[in-house]
Amino acid sequence: MVWLIGNKGMLGTELSNKLSACGIECVGTDREVDITESAALERYAESLVFRGKSIRAIINCAAYTAVDKAEDDRDLCSRLNEDGPANIASCAAKYGAVMLHISTDYVFNGNGARPYREDDPTDPTGVYGLTKRDGESAALANNPRTWILRTAWLYGAHGNNFVHTMLRLMAEKTELKVVNDQRGTPTWAKDLCEAICAFLLSVPAIAREAAHPEACAYKTVSSPEFGIYHFSNEGNISWFDFANEIYLSGRDAGLLDPSKNCSILPCTSAEFPAKVRRPPYSVLDKSKIRAVLGRDIPDWKASLKEYLSSKENKI
Ligand SMILES: NC(=O)C1=CN([C@@H]2O[C@H](COP(=O)(O)OP(=O)(O)OC[C@H]3O[C@@H](n4cnc5c(N)ncnc54)[C@H](OP(=O)(O)O)[C@@H]3O)[C@@H](O)[C@H]2O)C=CC1
Ligand SMILES: Cc1cn([C@H]2C[C@H](O)[C@@H](COP(=O)(O)OP(=O)(O)O[C@H]3O[C@@H](C)C(=O)[C@@H](O)[C@H]3O)O2)c(=O)[nH]c1=O
């Protein structure tokens, strides 16, 4: 079985559904098993073993994700994003489990001019990125059998995210300003979950025990080496481009009133002040994961359209 930590968050909820569709036996925990307390993790792992369960993998979707707030909340952010993965990795190592941890494009400063590769130097611009970067190192150090999937600009049905914020503001306002000088790639949580499941199913014991592995749309061509991978949808756009497409596709999907207009105006980061400078360019190079998955990754626009027109979105 696998243990999904952070199962009530945006990604965790989506992943919980996907694991169950694939028939991968899973237990999920969130705040009730505090990742900043190694003893709490150990106690929970012990209780699973006591119930006769073999922990094949621990997936960490728990994190501190409020980018601006983190600047004034450094201690909690670092306990969650650094100590958390460090503790989980140690626990996974103790029980012979693989760890799969999620990280972010915000580990880079965004001053680059080509998509970031896994081994490019990191240089976060704020506390969130810094603690996520240090959490990566801690996880890899404490359990060499760790996969880290860095992703970016995540949205999905089960939490606050840019897509939901935009749809709400577009319904309320007649004009919106959105930054046009930060580029990256949106990622539908559902696409990321396919990749996560494919990695998990490359573990022989998990594949053997899964009731419906065919429900995973992706399949690894080989067993992925442990280490860091980049996964986002395909494309290279600004938040302004993203907002425009949310508006058009949101209208097509009947999520916005067609008789109410909202003008979306491009602006600079300086015109949209924030505590933390976001990376101006944070496109991720996905060659490494593409080779492992042996397939193309969906384009951001196709995934956004599918998401907005899907029945499961609760906007
Ligand atoms: N959202 C995004 O745009 C992106 C996210 N990522 C990464 O993806 C991962 C998932 O992100 P996302 O789903 O958005 O995160 P969420 O903030 O939606 O979920 C995080 C979950 O962790 C829980 N949690 C908080 N504190 C603890 C604790 N001490 N012990 C156990 N669980 C706790 C939260 O509970 P509560 O809600 O009660 O605080 C929440 O349920 C994270 O690692 C994030 O860094 C990467 C790139 C982009
Ligand atoms: C609401 C709003 C935001 N913006 C800008 C602010 C910001 O630069 C950008 C995106 O806004 P967000 O609040 O979603 O940004 P942010 O919280 O920086 O999103 C990040 O979250 C963390 C967890 C990650 O790991 C990143 O990959 C990324 O998804 O859009 C506007 O320009 N106009 C608006 O009306």
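Just so it is clear, the structure is predicted and the values come from calculations on it, not from any experiment. Order of appearance sets the numbers: ligands from 1, and atoms from 1 within every ligand.
- Of all protein heavy atoms, the one lying nearest to atom 30 (N) of ligand 1 is I35 N, 3.2 Å.
- In terms of protein heavy atoms, atom 4 (C) of ligand 1 is closest to L154 CB, 3.7 Å.
- Residue contacts with ligand 2 include Y128, since one or more of its heavy atoms lies under 4.0 Å from the ligand.
- Residue-ligand proximity, D105 to ligand 2, at heavy-atom distances under 4.0 Å covers atoms 26 (C), 27 (O).
- Atom 10 (C) of ligand 1 has its nearest heavy-atom neighbour, among C61, G129, A189, A62, in C61.
- Ligand-side atoms of ligand 1 in range of A63: 20 (C), 22 (O), 42 (C), 43 (O), 45 (O), range being under 4.0 angstrom from any heavy atom.
- Under 4.0 angstrom from ligand 1, there are no non-hydrogen atoms of Y155.
- Listed by number with element, the atoms of ligand 2 under 4.0 angstrom from any heavy atom of A152 are 27 (O).
- The single protein non-hydrogen atom nearest to atom 46 (C) of ligand 1 is S103 O, 3.3 Å, given as residue, atom name and distance.
- Annotation: atom 33 (N) of ligand 2 to nearest protein heavy atom, K177 O, 2.9 Å.
- For the 3.5 Å distance criterion, the side chains of S269 and D181 qualify, holding a donor opposite an acceptor.
- Taking only nitrogen or oxygen atoms, main chain and side chain alike, Q182 reaches within less than 3.5 Å of ligand 2.
- Distance from atom 28 (C) of ligand 1 to its nearest protein heavy atom, with residue and atom name: L80 CD2, 3.6 Å.
- Residues A198 and T220 approach most closely at O-CG2, 3.6 Å, considering heavy atoms.
- Of all non-hydrogen atoms in I264 and F240, the two that sit nearest each other are O-CE1, 3.4 Å.
- Contact annotation for atom 35 (O) of ligand 2: protein present (non-hydrogen atoms, distance under 4.0 Å).
- Less than 4.0 angstrom separates some heavy atom of D34 from each of these atoms of ligand 1: 28 (C), 29 (N), 30 (N).
- The closest protein non-hydrogen atom to atom 11 (O) of ligand 1 is T65 CG2, 4.0 Å.
- Atom NZ of K8 has more than 12 heavy atoms from other residues, nucleotides or ligands within 6.0 Å.
- Note on D120 versus R114: salt bridge recorded, some NZ/NE/NH1/NH2 to OD/OE distance being below 4.0 Å.
- Ring planes of W3 and Y44: tilted class, angle from 30 to 60°.
- Among the atoms of L11, some N or O lies under 3.5 angstrom from an N or O of ligand 1.
- In this structure, atom 37 (O) of ligand 1 is not in close contact with the protein, since no protein heavy atom lies within 4.0 Å of it.
- Between R31 and ligand 1, at least one pair of N/O atoms sits closer than 3.5 Å.
- Only the side chain of V67 comes within 4.0 Å of ligand 2, judged by heavy-atom distances.
- Protein heavy atom nearest atom 7 (C) of ligand 1, with residue, atom name and distance: I102 CG2, 3.7 Å.
- The shortest N or O to N or O distance between V179 and ligand 2 is under 3.5 Å.
- Below 4.0 Å from some heavy atom of F162 lie the following atoms of ligand 2, by number and element: 10 (C), 11 (O), 14 (O), 30 (O).
- Between R278 and ligand 2, at least one pair of N/O atoms sits closer than 3.5 Å.
- Nearest-residue assignment for atom 18 (O) of ligand 1 (options R79, M10, K132; heavy-atom criterion): M10.
- No side-chain heavy atom of C22 sits under 4.5 Å from any side-chain heavy atom of P213.
- Taking atom 6 (C) of ligand 2 as the reference point, the nearest protein heavy-atom neighbour is F272 CE2, 3.7 Å.
- Among all protein heavy atoms, the one lying closest to atom 35 (O) of ligand 1 is D30 OD2, 3.2 Å.
- Residue contacts with ligand 2 for T104 involve side-chain atoms from C-beta outward but no N, CA, C or O (heavy atoms, distance under 4.0 Å).
- For V127 against C77, the heavy-atom pair with the smallest separation is CG1-SG, 4.0 Å.
- Between the side chains of E271 and T268, at least one donor N or O sits under 3.5 Å from an acceptor N or O.
- Y116 and I297 fall into different hydrophobic clusters, where Ile, Leu, Val, Met, Phe, Trp and Tyr side chains are chained together by heavy-atom contacts under 4.5 Å.
- For A152 against L284, the heavy-atom pair with the smallest separation is CB-CD1, 4.3 Å.
- For atom 6 (N) of ligand 1, the closest non-hydrogen atom of the protein is Y128 OH, 3.8 Å.
- Here the heavy atom of the protein found nearest to atom 19 (O) of ligand 2 is Y106 OH, 3.7 Å.
- Atoms CZ and CZ, from R145 and F226 in turn, are 4.5 Å apart once rounded to the nearest 0.5 Å.
- Heavy-atom distances between G84 and ligand 1 stay at or above 4.0 Å for every pair.
- Two residues are said to be in side-chain contact when any heavy atoms from C-beta on lie closer than 4.5 Å; I55 and V27 fail this criterion.
- The only option from N233, D241, I237, L154 that meets the side chain to side chain contact (heavy atoms under 4.5 Å, CB included) definition with P186 turns out to be I237.
- The heavy-atom pair separating L140 from G227 by the smallest distance is CD2-CA, 4.2 Å.
- Ligand 2 has at least one atom lying under 4.0 Å from a heavy atom of M166.
- When heavy-atom distances to ligand 1 are checked against a 4.0 Å cut-off, V33 comes that close only through its backbone atoms N, CA, C and O.
- For ligand 1, the polar-atom distance check against G9 finds a nitrogen or oxygen pair separated by under 3.5 Å.
- In this structure, Y128 and Y106 have perpendicular ring planes: the angle between them is above 60°, well past the 30° mark.
- Near T65, with a cut-off below 4.0 Å to any heavy atom, the atoms of ligand 2 are 23 (C).
- Below 4.0 Å from some heavy atom of T151 lie the following atoms of ligand 1, by number and element: 46 (C), 47 (C).
- Classified by interplanar angle (parallel below 30°, tilted 30° to 60°, perpendicular above 60°), the ring pair W147/F199 is perpendicular.
- Closest heavy-atom contact between K94 and E42: NZ-OE1, 2.7 Å.
- Atoms of ligand 1 found under 4.0 Å from any heavy atom of W153, numbered from 1 in the order shown, are 48 (C).
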Practice problem: Show your working on ring-ring contact (aromatic ring centres under 6.0 Å, His included) between W300 and W188 and close with a plain yes or no. | Solution: CA-CA 8 Å; W300 71 272; W188 186 15; over 10 Å; no
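- Using a 4.5 Å heavy-atom threshold, the side chains of D296 and E234 count as separate.
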